[in-house]
Amino acid sequence: MNPMRITVCLTDLRPESWIEGLRAALPEADVEVWSPGAAPADHAVVWAPPQRFLDEQPHLRGLFNIGAGVDALLRLKLPPQTRVVRLDDAGMSVQMAEYVCHALIRHFREFDGYEAEAREGRWSYRKPRERQDFPVGIMGLGVLGERVARAVAQFEFPVNGWSRSPKAIDGVRSFAGEGGLDAFLAASRVLVCLLPLTPDTRGILRRETLGRLHGGRPGGYLINVARGAHLVDDDLIALLDSGQLAGAMLDVFEVEPLPAGHPFWRHPKITVTPHASARTLRDESIAQIAGKIRAMERGEPVAGVVDAQRGY
Ligand code: NAP
Ligand code: GLV
């Protein structure tokens with residue numbers, strides 16, 4: 001019997017260490033980097049593959065994305081029998097919890113202000129703020145959002161969560177569905193976006209929604225760590241410039257890398273990071289993908305299979 005074939009197609013990333021790791025984890029398989037015209041594979045490990053890659057995979061059983069978000073993958077025409085599998089945490093959720101807690105605490109404790117004053121040699125205190133006045137709302141309570149919600153709750157901030165289906169998470173007030181969005185926004189002052197990018201969530205961070213934070217009072221803060229296309233950039237700038245929002249920390253952008261002249265780079269109330277809030281960890285990811293390929297071959301269920309209709 002021919003060995004199982006695994007192809008690797010990682011656009012803009014170097015594949016060598018992935019090939020080496022996958023060969024070590026799956027010695028029974030034939031693991032090769034994809035090149036146009038190569039023999040079709042049984043499973044693929046991918047990041048942003050071109051349509052041609054998929055067109056050449058008529059028998060593909062598993063398509064393993066080396067990220068959590070599958071929005072770019074679902075825009076392609078996929079072989080009908082192929083199951084798309086996302087990374088299921090693999091070391092990302094703790095990184096995301098670090099990032100969001102950092103952004104939240106930096107804003108709440110006014111560390112930017114202290115840093116600026118320290119650079120001027122000034123020793124001055126700010127009035128302590130009440131964390132009850134800074135309820136945090138997390139949009140998306142999936143693999144990453146739930147971990148973030150639990151981490152934020154440990155710092156004793158009030159925490160709200162919004163998802164499609166209601167959740168029962170200790171210390172988190174659950175809001176669900178379109179009908180729950182207004183009440184969720186009104187009850188939240190710091191908004192964290194951890195939604196998948198789908199037709200329902202594209203542009204969800206816009207003037208009407210962001211303007212409803214904190215019951216419409218000024219002083220809201222945005223942390224977007226999901227996808228740039230969730231946010232309407234001009235609306236954010238208008239809300240910051242009018243004083244309705246106090247600031248934003250953004251890790252993801254509609255165009256990445258963020259173009260040199262984009263106003264986010266220089267806006268005094270915006271902090272930019274280069275899509276670095278939760279990096280793919282290679283060894284953890286290879287171990288997870290190898291385990292799932294073996295489980296799939298045995299006909300067992302695997303976690304993280306994407307529902308293409310739902311979009312995540
Ligand atoms: P996930 O496990 O699929 O969770 C998605 C959550 O969003 C679920 O709670 C889901 O609700 C909710 N949701 C989806 N559509 C909704 C809608 N229309 N209305 C309300 N709630 C909705 O995803 P994840 O692993 O937590 O990752 C979330 C996103 O983070 C990824 O899709 C990716 O884009 C982004 N990400 C970014 C980075 C980075 O470095 N910046 C790294 C990894 C991931 P239900 O629970 O009810 O289904
Ligand atoms: C990164 O953005 C991911 O989706 O894993």
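This is a predicted model, so every value here is computed, not measured. Start at 1 and go down the list; that is how both ligands and their atoms are numbered.
Residues Y221 and I223 are in side-chain contact: their nearest non-hydrogen atoms beyond the backbone lie under 4.5 Å apart. Side-chain contact between F175 and L185 is absent, with no heavy atoms from C-beta onward closer than 4.5 Å. Contact annotation: the side chain of K269 never approaches that of D241 to less than 4.5 Å [non-hydrogen atoms, C-beta and beyond]. A 4.5 Å side-chain heavy-atom check between R207 and D234 finds every atom pair outside the cut-off. Contact check for Q288 versus F64: no side-chain heavy atoms found under the 4.5 Å cut-off. Using a 4.5 Å heavy-atom cutoff, the side chains of P158 and Q132 are in contact.
With hydrogens left out, the protein atom closest to atom 30 (O) of ligand 1 is L194 CD2, 3.8 Å, a heavy atom. Nearest to atom 10 (C) of ligand 1 among the protein's heavy atoms is Y312 OH, 3.5 Å. In this structure, atom 37 (C) of ligand 1 lies nearest to the protein heavy atom V225 O, 3.1 Å. Of the protein's non-hydrogen atoms, the one nearest atom 19 (N) of ligand 1 is W162 CH2, 3.3 Å. Counting only heavy atoms of the protein, atom 46 (O) of ligand 1 lies nearest to K167 NZ, 2.6 Å. Among protein heavy atoms, atom 9 (O) of ligand 1 sits closest to L141 N, 2.9 Å. Of the protein's heavy atoms, P196 CD, 3.6 Å lies nearest to atom 5 (C) of ligand 1. With hydrogens left out, the protein atom closest to atom 38 (C) of ligand 1 is M96 CE, 3.6 Å, a heavy atom.
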- [ ] Might you work through the side chain to side chain contact (heavy atoms under 4.5 Å, CB included) test for F53 and T7, ending with a clear yes or no?
- [x] CA-CA 10 Å; F53 167 79; T7 183; 3.7 Å; yes
Task: Candidate pair L231 and L210, rule side chain to side chain contact (heavy atoms under 4.5 Å, CB included), full reasoning - done: CA-CA 10 Å; L231 175 65; L210 296 173; 4.2 Å; yes
Task: From CA spacing to verdict: side chain to side chain contact (heavy atoms under 4.5 Å, CB included), M139, T201 - done: CA-CA 10 Å; M139 304 180 99; T201 66; over 6 Å; no
- [ ] Would you please test D30 and R5 for salt bridge (charged side-chain N to carboxylate O under 4.0 Å, His left out) and show each step?
- [x] CA-CA 5 Å; D30 177 8; R5 286 184 60 83; 3.2 Å; yes
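Ligand 1 has no N or O atom lying under 3.5 Å from any N or O atom of T201, backbone or side chain. Residue T198 places no N or O, backbone or side chain, under 3.5 Å from any N or O of ligand 1. Residue-to-ligand polar distances place A278 within reach of ligand 1: an N/O pair is separated by less than 3.5 Å. Considering both main-chain and side-chain atoms, A68 never comes within under 3.5 Å of ligand 1 through any nitrogen or oxygen pair. For ligand 1, the polar-atom distance check finds an N/O of G142 within less than 3.5 Å of one of the ligand's N/O atoms. Looking at R164 next to ligand 1, an N or O pair under 3.5 Å apart turns up. Checking only distances, V143 does come within under 3.5 Å of ligand 1, N or O to N or O. Taking distance alone, with nitrogen or oxygen atoms compared against 3.5 Å, D251 approaches ligand 1 more closely than that limit. At a 3.5 angstrom cut-off on N or O pairs, R86 counts as close to ligand 1. Considering backbone and side-chain N/O of G140, none are found under 3.5 Å from N/O of ligand 1.
Assignment of E178 to the shell around ligand 1 is not supported, since no heavy atom sits closer than 4.0 Å. Look at L197 and you'll find every heavy atom at least 4.0 Å from all atoms of ligand 1.
Interface atoms of ligand 1 facing S165, defined by a heavy-atom separation under 4.0 Å, are 45 (P), 46 (O), 47 (O). Numbered from 1 in the order shown, with element, the atoms of ligand 1 that lie under 4.0 Å from a heavy atom of V252 read 41 (N). Of all atoms in ligand 1, numbered sequentially from 1 with element shown, those under 4.0 Å from a heavy atom of D200 are 18 (N). The ligand atoms of ligand 1 that sit less than 4.0 angstrom from a heavy atom of H275 are 39 (C), 40 (O), 41 (N). Near M92, meaning under 4.0 Å from any of its heavy atoms, are these atoms of ligand 1: 43 (C).
Residues R23 and E32 are paired through a salt bridge, judged by an N-O separation under 4.0 Å between the basic side chain and the carboxylate. Taking a cutoff of 4.0 Å between a charged side-chain nitrogen and a carboxylate oxygen, R150 and E146 qualify as a salt bridge.
Partner of D55 under the side-chain hydrogen bond (donor to acceptor under 3.5 Å, both in side chains) criterion, chosen from Q51, R52, Q57: Q51.
Neither the backbone nor the side chain of D89 has a heavy atom within less than 4.0 Å of ligand 1. Counting heavy atoms closer than 4.0 Å to ligand 1, residue E146 contributes nothing at all. By the criterion of a heavy-atom distance under 4.0 Å, neither the backbone nor the side chain of M139 is placed next to ligand 1.
The aromatic rings of W123 and Y125 lie perpendicular to each other, with more than 60° between the two planes, well past the 30° mark.
A continuous path of ILVMFWY side-chain contacts below 4.5 Å connects M96 to I138, so both sit in one hydrophobic cluster.
Here the closest non-hydrogen pair linking V100 and V225 is CG2-CG2, 4.3 Å. Between W265 and L258, the closest heavy-atom pair is NE1-O, 3.2 Å.
Using modelled atom types, one side-chain atom of N224 and one backbone atom of R227 make a donor-acceptor pair closer than 3.5 Å.
Checked against a 6.0 Å centroid threshold, the rings of F157 and F108 count as neighbours.
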Donor-acceptor list for residues 303-310 side chains, cut-off 3.5 Å, not counting sequence neighbours:
from	atom 1	to	atom 2	distance (Å)
D307	OD1	Q309	N	3.0
D307	OD1	R310	N	3.2
R310	NH2	Y312	O	3.2

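Around ligand 2 you find G67, A68, G69, M92, R227, H275, each with a heavy-atom distance below 4.0 Å.
The heavy atom nearest to atom 27 (O) of ligand 1, considering only V148, L144, D71, L181, is found in L144.
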